[in-house]
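Data first, discussion second: the structure below is written as structure tokens.
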Amino acid sequence: MTISAESSTVEVAASSNFIRNIVQEDLASGKHSTIVTRFPPEPNGYLHIGHAKSICLNFGLARDFGGCCHLRFDDTNPAKEEKEYIDSIKGSVKWLGFDWGEHLYHASDYFEQLYLWAEGLIRQGNAYVDDLTAEEMRAYRGTLTEPGKESPFRDRSVEENLELFHRMRSGEFPDGSRVLRARIDMASPNMNLRDPVMYRIVHEPHPHTGATWCVYPMYDYAHGQSDSIEGVTHSICTLEFEDHRPLYDWFLDRIGAYHPRQYEFARLNLTYTVMSKRKLLQLVREGDVTGWDDPRMPTLDGLRRRGYTPQSIRNFCEQIGVGRNDSWIEMSILEESVRADLNVAAPRAMAVLRPLRLIVENYPEELAEEFTAPNHPQRPELGERSIPFCRELYIEQDDFQEIPVKGFKRLSPGSEVRLRYAFIIRCSGVEKDASGVITAVRCSYDRDTQAGGPEAGRKVKGVIHWVSARHGVPAQVRLYDRLITVPNPAGDEWKSLLNPDSVELLPDAVIEPALASAQPEERFQFERQGYFCADLRESTPGRPVFNRTVTLRDSRAK
RNA sequence: UGGGGUGUAGCCAAGCGGUAAGGCAACGGACUCUGACUCCGUCAUCCCUAGGUUCAAAUCCUAGCACCCCAGCCA
């Protein structure tokens with residue numbers, strides 16, 4: 001089967017949101033003739049679905065309004081940042097379907113300019129070198145309701161500050177011994193304005209600038225200027241940076257630089273998972289998952305291995321909207337977005353996850369025949385495949401009940417059911433081992449019931465899937481479930497709420513032959529069960545490994 | 001009890017003074033060789049609360065209440 005597993009559903013139309021409205025107004029009023037946005041990740045972890053929201057917003061705005069969107073690494077802290085993260089971030093943005101073209105930047109590209117500006121601030125008397133220790137500084141900062149105290153080093157001369165700052169840069173001082181601070185207001189009700197640190201000493205190699213620097217600007221000192229340098233028109237970030245805005249403006253005013261306008265939106269929270277890079281890193285480090293790209297992770301690489309399509313994630317981001325309310329999006333919206341996409345895109349196939357032998361008593365031992373089945377019942381253009389049939393088959397354990405519960409629509413003693421794309425069968429009995437466990441189900445088939453046959457239209461209560469025992473191929477299949485057991489994991493106890501059954505390995509799954517040659521990342525609907533994706537890293541044609549992306553909806557009462 | 005934000009259905013979310021879009025979830029029903037898909041229908045007399053302005057308020061005003069963010073040499 002060589003059907004493309006690429007998604008083919010239509011992109012969900014961009015919906016109105018307050019930022020989109022502002023952009024529209026700015027363009028209409030002539031405030032801007034074109035827009036520049038940017039996605040500014042710190043390379044200290046892998047991107048997750050929350051970043052996708054920001055990527056879709058920023059790149060989507062640029063795309064829809066003919067502007068451009070930069071990819072800028074806010075790489076101001078070499079202690080936490082790595083090349084591996086830079087590479088994975090670029091890969092994820094591309095995979096999601098966005099292109100920064102020539103516009104790849106790093107905050108570290110601006111370090112020299114930032115340093116020069118810092119000297120300027122010192123000359124103006126707006127910055128000073130402080131020798132306080134971190135603990136002392138915290139004590140001096142005051143509290144939310146009490147003003148802070150000024151540092152005894154706050155009134156050093158310009159000359160002394162300049163000299164000290166040069167010596168910080170030249171590597172004369174150890175980490176933590178001194179910082180450069182903005183001289184603003186230790187009594188400000190906005191904590192960000194109580195003489196924030198601008199530079200700290202970090203003797204550590206930087207993934208982008210190597211050993212060039214040993215003083216690094218703080219995010220707050222670098223971010224606004226970076227946007228300014230790049231001519232960003234709409235600087236979009238999350239809510240927690242709202243009260244940093246006055247600080248960015250303070251720096252930009254004193255430097256005399258262009259002010260991008262900043263707009264904040266609420267970050268994404270998804271139920272039954274965790275979303276911060278800190279927590280995701282913890283899961284990776286503590287071995288709760290196999291890595292950043294574990295299919296249970298809400299990272300883009302994890303979702304990709306799980307089988308999510310870029311389109312489904314983009315659609316999800318459109319559907320959830322962009323607002324300023326703290327909110328928790330239900331996982332069902334994400335799941336529904338991938339079902340909608342894959343329902344159209346994914347070829348169907350049959351796979352038996354937990355096999356139960358089915359013996360067709362009146363089918364000749366030596367005989368085997370092939371049925372043709374459409375790869376997609378609603379899309380004949382996706383072609384068809386043949387499925388071998390013989391006397392001994394596998395069906396799903398769940399599809400047989402010796403004593404059927406009320407409303408059971410599948411197989412039970414004496415009842416009739418259709419084998420998908422084959423015959424109608426009637427159950428004639430079961431085989432059990434010494435301990436009473438059912439080892440096989442016996443049945444008879446009616447040849448007249450195959451497609452085109454005189455009895456083809458006979459109504460039966462259900463249809464079940466199957467795989468020929470003789471022709472079926474063993475495969476590794478993994479069933480994934482939610483990472484966290486509660487919808488809104490908050491606080492520090494989230495680690496104790498991990499779902500112990502977030503992955504189930506099925507050792508005996510059997511797939512129809514057409515599935516055996518699946519290429520990594522090829523996606524299928526296993527009929528009646530869900531959408532599955534051949535694992536990007538571990539599946540090879542001939543030795544397939546399938547990850548369950550999501551189950552099919554199931555209207556049966558659970 | 002400082003500053004900054006947010007309150008529209010179970011979960012998101014439009015709405016910007018003219019009488020509550022849409023999606024997800026849920027619940028009925030039709031169709032069905034996937035208990036899938038698709039289709040059709042139901043789902044806020046009401047917009048955190050209380051007052052007020054107005055012919056008219058989710059939208060304006062006043063006073064409350066609830067929740068979120070800020071005291072890293074993280075971003």
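None of these values were measured; they are calculated from a predicted model. Excluded from the calculations below are hydrogen atoms, water molecules and symmetry mates; all remaining heavy atoms, backbone and side chain alike, are included.
Going from atom CG of D195(A) over to atom P of rA71(B) covers 16 Å, rounded to whole Å. The CE atom of M191(A) sits 16 Å away from the P atom of rC74(B) (whole-angstrom rounding). Straight-line distance from the CG atom of N488(A) to the P atom of rG10(B): 15 Å, rounded to whole Å. What separates CD of E240(A) from P of rA71(B) is a distance of 11 Å, to the nearest Å. Atom CZ in F408(A) sits about 11 Å away from atom P in rG35(B), given to the nearest Å. When the P atom of rG3(B) is taken as reference, atom CG of L247(A) falls 19 Å away, rounded to whole Å. Rounded to whole angstrom, the span from the CE atom of M218(A) across to the P atom of rC70(B) amounts to 15 Å.
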Show each protein N/O and nucleotides 14-16 of chain B N/O combination with a separation under 3.5 Å, one pair to a line.
residue, atom, partner, partner atom, Å
rA14(B), OP1, V322(A), O, 3.4
rG15(B), OP1, S16(A), OG, 3.4
rG15(B), OP1, N21(A), ND2, 3.4

Are there any protein N/O atoms within less than 3.5 Å of an N/O atom in nucleotides 66-68 of chain B, and if so, which ones and at what distance?
residue, atom, partner, partner atom, Å
rC68(B), O4', D326(A), OD2, 3.4
rC68(B), O2', D326(A), OD2, 3.2

Within the sub-3.5 Å range, which N or O atoms of nucleotides 19-23 of chain B have a protein N or O partner, and how far apart are they?
none

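Nucleotides rA20(B) and rU6(B) are separated by 26 Å at their P atoms, to the nearest Å. Comparing rC47(B) with rG41(B), their P atoms sit 28 Å apart, to the nearest whole Å. Atom C1' of rU19(B) sits at a distance of 11 Å from the matching atom of rC46(B), rounded to the whole Å. Comparing the C1' positions of rC61(B) and rU53(B) gives a spacing of 7 Å, expressed to the nearest Å. Taking atom C1' in both rA71(B) and rG4(B), one finds a spacing of 14 Å when rounded to whole Å. Look at the P atom in both rA9(B) and rA58(B): the space between them is 15 Å, to the nearest Å. Separation of the C1' atoms belonging to rA21(B) and rU8(B) is 12 Å when rounded to the nearest angstrom. A gap of 6 Å separates the C1' atoms of rA56(B) and rG18(B), to the nearest Å.
In this structure a side-chain-to-backbone donor-acceptor pair under 3.5 Å is missing from S415(A) to L411(A). The closest donor-acceptor contact from the side chain of R418(A) to the backbone of A422(A) lies under 3.5 Å. N161(A) contributes a side-chain N or O that, together with a main-chain N or O of V129(A), makes up a donor-acceptor pair within less than 3.5 Å. Judged by distance alone, the side chain of H48(A) and the main-chain N or O of M275(A) form a donor-acceptor pair under 3.5 Å. E416(A) places no side-chain N or O within donor-acceptor distance of the main-chain N or O of V460(A), the cut-off being under 3.5 Å.
At a threshold of 4.5 Å between non-hydrogen side-chain atoms, the residues R72(A) and H223(A) count as touching. In this structure the side chain of N44(A) never reaches within 4.5 angstrom of the side chain of N77(A), judged on heavy atoms. Within the 4.5 Å cutoff, the side chain of T551(A) has heavy atoms near those of the R339(A) side chain. Side-chain atoms of P298(A) and L280(A), non-hydrogen and from C-beta on, do get closer than 4.5 Å to each other. The shortest side-chain heavy-atom distance between R410(A) and F400(A) does not fall under the 4.5 Å cut-off.
Taking for each of K459(A) and L552(A) the nucleotide of RNA chain B with the nearest heavy atom, the 5'-most of the two is the partner of K459(A).
A salt bridge links R528(A) and D399(A); the closest N-O separation between the charged side-chain nitrogens and carboxylate oxygens is under 4.0 Å. Note on K277(A) versus E42(A): no salt bridge recorded, every NZ/NE/NH1/NH2 to OD/OE distance being 4.0 Å or above. Using a cutoff of 4.0 Å between basic side-chain nitrogens and carboxylate oxygens, D446(A) and R426(A) are not scored as salt-bridged.
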So what's the dot-bracket for RNA chain B: Watson-Crick or G-U pairs under 3.5 Å, [ ] if a pair crosses, | if it pairs off-strand? .(((((((.[[[..)..(...]]].(((((.......))))).....[[[[[..)....]]]]])))))).....

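Under the 30°/60° scheme for interplanar angles, the aromatic rings of F241(A) and H244(A) are found to stand perpendicular.
At a threshold of 4.0 angstrom between heavy atoms, the contacts of H465(A) with the nucleic acid are absent. If you check every strand for non-hydrogen atoms under 4.0 Å, Y216(A) touches nothing. Among the heavy atoms of the strands lying under 4.0 Å from T76(A) are primed sugar atoms or P, OP1, OP2 only; no base atom is included. As judged by a 4.0 angstrom heavy-atom cut-off over every strand, L132(A) is placed among the base-contacting residues. Among the atoms of the strands shown, base atoms are found under 4.0 Å from some heavy atom of A451(A). When heavy atoms are screened at a 4.0 angstrom cut-off, Q378(A) is found touching base atoms of the nucleic acid. Heavy atoms of A422(A) sit under 4.0 angstrom from at least one base atom. R418(A) comes within 4.0 angstrom of a nucleotide base, judged by non-hydrogen atoms across all strands. Residue-level contact check: P147(A) touches neither bases nor backbone, having no heavy atom under 4.0 Å from any strand. Across all strands shown, R420(A) has heavy atoms under 4.0 Å from base atoms, whether or not it also approaches the sugar-phosphate. Nucleic acid contact class of S327(A) (heavy atoms, under 4.0 Å, all strands): sugar-phosphate only. G530(A) comes within contact range of no nucleotide atom at all, as no heavy-atom separation falls under 4.0 Å. At a threshold of 4.0 angstrom between heavy atoms, the contacts of V179(A) include nucleobase atoms, whether or not backbone atoms are also involved. Among the heavy atoms of the strands lying under 4.0 Å from L144(A) is at least one base atom, whether or not backbone atoms are also near.
Between F546(A) and F532(A), the gap from one ring centroid to the other reaches at least 6.0 Å.
Here the nucleotide nearest the side chain of N77(A), chosen from rA75(B), rC33(B), rU34(B), is rA75(B). Of all nucleotides listed (rC12(B), rC24(B), rA75(B)), rC12(B) comes nearest to the side chain of I329(A). Of all nucleotides listed (rG35(B), rA25(B), rC74(B)), rA25(B) comes nearest to the side chain of E336(A).
Residue R410(A) places a side-chain atom within donor-acceptor reach of the base of rG35(B), judged by atom type and a 3.5 Å distance cut-off alone. Side chain Q529(A) to base rU34(B): no donor-acceptor pair is found below 3.5 Å. At a cut-off of 3.5 angstrom, counting only N and O atoms as typed in the model, there is no donor on one side facing an acceptor on the other between the side-chain of D554(A) and the base of rG35(B). Counting distance only, with no hydrogens placed and no angle test, the side-chain atoms of E330(A) and the base atoms of rG10(B) include a donor-acceptor pair under 3.5 Å.
With a glycosidic angle further than 90° from 0, rG28(B) counts as anti.
A cation-pi arrangement is absent between R38(A) and Y105(A), since the terminal nitrogen or guanidinium carbon is not both under 6.0 Å from the aromatic centre and inside a 45° cone about the axis.
In this view, Y221(A) and Y199(A), F251(A) satisfy the ring-ring contact (aromatic ring centres under 6.0 Å, His included) rule, not counting sequence neighbours. Considering only residues two or more places apart in sequence or on other chains, E84(A) meets the salt bridge (Lys or Arg N to Asp or Glu O under 4.0 Å) condition with none of them.
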